[in-house]
Amino acid sequence: MKILVLAGGLSPERNVSLSSGAMVCQALRNRGHQVAMMDLFYGLDGAVSGRGLYVAPIPEAYKQVAREAPDLEVVRTNRGDDSPSVIGPGVFEMCADADVVYLALHGTCGEDGRIQAALDLLGVPYTGSGCLGSAIAMDKDLTKRLVADKVKTPRWETVTVTEENVEELTQRIQLPAVVKPIASGSSIGVYIAKNREQLKQALEDSARLGGRTVIEEYIQGREIQVAVLDGKALPSIEIIPKEGFYNYANKYQPGAASEVCPARIPAAWEKALGNAALTVFNTIGLSVYARADFIVTSDGTPYFLEINTLPGMTPTSLVPQEAAAAGIDYAALCETIIQKSLEARKEEL
């Protein structure tokens, strides 16, 4: 099969995406497929022909995620043009030439439904959920509104943070609170504020990230995540950071967090988590695969936080670990995602 892996892009999660793309590309090449990896933002960029991408070596630097998120202004400058487009030259031509596009994109530049809609219009099959479900899942507020009467979720409000209202919000919001951008992933911009100083810093950072912010009740408990693959919940995985919470650095640096899969929880908790993940998945119209994040309180109550439609496939990512616990190795997981995605695209026609 001729497969184009789209990665990178112009998102704060760019480095995570490049790592996911590199791992997927290598795994699928090892399975005998003809696979190219392409940066959504840079495109062909005049350096390598489209045909050359199918035999180009995968940069080793991509396989490990840097500790810090990328400077997107530097990324923009390095493309060397003034185009406002986040899609580089030759991208759609390469997509149209492939049998399927494997979306290894993360964040607002690829996970929010816009690339999916463009590929739908081109008639090009791609992996993961369709454009509408992807768009809904990317919006944490909208997702919670749709599922709040079906699963437990922490109380929340959504605000637009500006320089003018930071002080008012800092004084008004009840502590402790979780502050997170409405449309971001990899815990970029997420803070657990336990005092007013931390809250103000979190809100100021939110303003820099666009302003639209979810303020969520802080729930004390265990962080457990559940992937859905082909309509079934995979074994849960518990995240235990060695310090702090499961932020960007702890997600992608080997050894920064203990990850226990399957989670050491009673069977009843496992069932409740799986049912909740499937409920969210089906309610917002997702397909193929996703990963739902929960906090589970001491009495076993799962509180839904968010769901990710293109979860990471990096060396430390969680979905591959959950799949392995179900007897599905990394390469087989990539193949399953492709086959189920091709079926989903046919059903959507």
Side-chain angles (χ1 to χ4, degrees), residues 3-9 11-31 33 35-40 56-70 102-107 109-111 127-128 184-188 190 223-229 234-263 289-293 308-338:
I3 303 166
L4 178 68
V5 178
L6 270 188
S11 157
E13 296 176 77
R14 171 182 171 80
N15 292 344
V16 183
S17 171
L18 290 171
S19 179
S20 290
M23 299 298 293
V24 168
C25 184
Q26 187 63 66
L28 291 172
R29 284 181 176 180
N30 290 345
R31 299 278 281 207
H33 294 289
V35 190
M37 178 177 167
M38 188 176 214
D39 190 313
L40 177 70
I58 303 165
E60 285 298 318
Y62 286 172
K63 295 180 181 179
Q64 179 62 50
V65 182
R67 188 171 183 85
E68 301 296 330
Y102 194 111
L103 295 178
L105 298 162
H106 303 312
C109 196
E111 202 168 356
T127 55
S184 184
S186 294
S187 296
I188 292 172
V190 176
E223 183 158 356
I224 301 179
Q225 306 187 359
V226 179
V228 173
L229 177 66
L234 293 178
S236 64
I237 185 166
E238 181 172 9
I239 314 304
I240 309 170
K242 296 192 175 171
E243 59 180 72
F245 72 103
Y246 198 47
N247 59 14
Y248 183 89
N250 285 334
K251 281 179 188 282
Y252 301 113
Q253 301 310 307
S258 297
E259 295 155 355
V260 182
C261 186
Y289 76 123
R291 193 201 70 238
D293 301 351
N308 301 274
T309 55
L310 293 178
M313 296 287 283
T314 75
T316 61
S317 289
L318 307 179
V319 172
Q321 295 184 57
E322 293 185 56
I328 306 168
D329 67 28
Y330 188 96
L333 172 61
C334 295
E335 290 252 26
T336 299
I337 289 170
I338 288 172

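Closest heavy-atom contact between A104 and V5: CB-CG1, 4.0 Å. When every heavy atom of P320 is checked against every heavy atom of M313, the shortest pair comes out as CG-SD, 3.9 Å. The two atoms that bring G110 and L310 nearest to each other are O-CD1, 3.7 Å, heavy atoms only. Taking every heavy atom of both residues into account, A290 and T309 meet most closely at CB-CA, 4.3 Å. Pairing each heavy atom of G21 with each of A7, the nearest pair is CA-CB, 4.1 Å. Across all their heavy atoms, E111 and L105 have their closest contact at OE1-O, 4.3 Å.
Counting heavy atoms from C-beta on, the side chains of M23 and Y62 never come closer than 4.5 Å. At a threshold of 4.5 Å between non-hydrogen side-chain atoms, the residues I224 and I239 do not count as touching. No side-chain heavy atom of S236 sits less than 4.5 Å from a side-chain heavy atom of Q225. You'll find the side chain of Y102 reaches within 4.5 Å of the side chain of L28, heavy atoms only. Contact check for S317 versus R291: no side-chain heavy atoms found under the 4.5 Å cut-off. At least one side-chain heavy atom of L229 sits less than 4.5 Å from a side-chain heavy atom of I328. Residues M37 and L18 have side chains in contact (heavy-atom distance under 4.5 Å, counting atoms from C-beta outward). Taking the side chain as every heavy atom from C-beta outward, V260 and I237 never approach each other to under 4.5 Å.
The list of side chain to side chain donor-acceptor pair (under 3.5 Å) pairs with a residue in residues 319-333, not counting sequence neighbours, reads E259-Q321. Screening residues 18-29 for side chain to side chain donor-acceptor pair (under 3.5 Å), with sequence neighbours left out, gives S20-H106, Q26-N30.
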Please step through side chain to side chain contact (heavy atoms under 4.5 Å, CB included) for the pair E238 and E223, ending with a clear verdict. CA-CA 6 Å; E238 181 172 9; E223 183 158 356; 5.9 Å; no
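Atom CE of residue M38 and atom CG of residue L40 lie 9.0 Å apart, to the nearest 0.5 angstrom.
When the options I3, L333, V24 are evaluated for a side chain to side chain contact (heavy atoms under 4.5 Å, CB included) with I338, the one that passes is I3.
In this structure, R14 contributes its side chain and G9 its backbone to a donor-acceptor pair below 3.5 Å. Side-chain N or O atoms of S17 include none that pairs as donor or acceptor with a backbone N or O of E13 at under 3.5 Å.
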